[in-house]
Amino acid sequence: MICAPSFLSSNFSKLKQEILSINEAKWLHFDVMDGLFVSNTTYDHQMLKTIGEFSNQVFDCHLMIEKPEKYVDNYIENGADYITFHYEASHNPLKLIQYIQSKGVKAGISIKPNTRVEVLDDLLEYLDLILIMSVEPGKGGQKFIPNALDKINYLNNIRTQKKYEYLIEVDGGIQFDTAKMVKNVGCDVIVVGSFIFNQSNRNQIIKELENV
Ligand SMILES: O=C(CO)[C@@H](O)[C@H](O)COP(=O)(O)O
């Protein structure tokens with residue numbers, strides 16, 4: 001699996017040092033929150049510009065925002081490699097998926113724990129990535145919600161049957177035990193925040209998570 005560290009739980013007063021402490025991660029997960037779609041507010045596209053000055057990792061941007069179509073250009077123009085928006089925040093997800101892809105950026109969609117995975121059925125053939133939230137979006141350090149496993153398994157089965165090529169990503173409450181569980185049902189990318197940033201040997205933890 002690929003481990004995409006989320007720096008949501010990092011020490012923002014020494015951000016460059018914190019990001020460099022996970023420099024062996026191939027991906028970096030950005031948790032963009034607007035205080036509207038979720039009650040918390042984090043940062044916007046400026047963070048990609050800042051971190052892009054010293055990181056060449058894959059920028060995996062999770063937009064937990066209302067009206068993603070209004071702001072997506074900011075992320076396209078500032079180095080996003082993947083842009084994932086929420087099904088619950090989009091009025092025309094296919095149009096936004098195809099717009100993102102027309103700009104040479106990979107398009108993902110995310111669903112919250114209470115959203116049924118079947119709502120994505122008609123979009124799957126177009127998607128580069130599906131992000132299954134295994135916690136309620138809005139903050140790090142929460143407990144893994146097991147219904148994510150059935151959703152990952154469902155998406156993995158359809159991918160195999162229909163030979164789709166999307167990546168399956170999961171976000172929230174991932175540690176060694178839950179990483180094993182999601183890998184066993186077909187997950188490709190794990191977003192890990194507090195479990196990594198609560199440790200000192202971060203690059204070692206990342207390697208071990210990728211090889212559970
Ligand atoms: O973004 C969110 C929730 O919105 C978090 O899930 C972080 O992305 C990862 O947090 P941990 O659960 O790994 O601390």
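Note that ligands are numbered from 1 as they come in the structure, with each ligand's atoms numbered from 1 the same way.
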N/O separation below 3.5 Å, Leu8 to ligand 1: no

Protein contact to atom 13 (O) of ligand 1 [nearest heavy atom, distance to 0.1 Å]: Gly193 N, 2.7 Å

Numbered atoms and elements of ligand 1 in range of Gly141, under 4.0 angstrom, heavy atoms: 11 (P), 12 (O), 14 (O)

Greater than 12 external heavy atoms within 6.0 Å of Lys207's NZ: yes

Asn156 side chain vs Ile152 backbone, donor-acceptor pair below 3.5 Å: no

Ser194, any N or O under 3.5 Å of ligand 1 N or O: yes

Working for ring-ring contact (aromatic ring centres under 6.0 Å, His included), residues Tyr75 and Phe85: CA-CA 11 Å; Tyr75 296 86; Phe85 60 92; over 10 Å; no

Closest protein heavy atom (residue, atom, distance) for atom 5 (C) of ligand 1: Asp171 OD1, 3.4 Å

Tyr126 vs Tyr166, ring-ring contact (aromatic ring centres under 6.0 Å, His included): CA-CA, chis, key distance, verdict: CA-CA 8 Å; Tyr126 302 100; Tyr166 50 77; over 10 Å; no

Ligand 1 contact on Ser6 by region, counting heavy-atom pairs under 4.0 Å: side chain

Ligand-side contact atoms (ligand 1) for residue partner Pro137, heavy atom cut-off under 4.0 Å: 3 (C), 4 (O)

Test of proximity, Ile174 against ligand 1: N or O pairs below 3.5 Å: no

Mutual orientation of the aromatic rings belonging to Phe195 and Phe176 [parallel < 30°, tilted 30-60°, perpendicular > 60°]: perpendicular

Heavy atom of His62, distance to ligand 1 below 4.0 Å: no

Geometric N/O contact Gln142 with ligand 1, under 3.5 angstrom: no

More than 12 heavy atoms of other groups within 6.0 Å of Glu165 CD: no

Test of proximity, Asp31 against ligand 1: N or O pairs below 3.5 Å: yes

Sidechain-backbone polar pair: Asn147 side chain, Pro113 backbone, donor-acceptor under 3.5 Å: yes

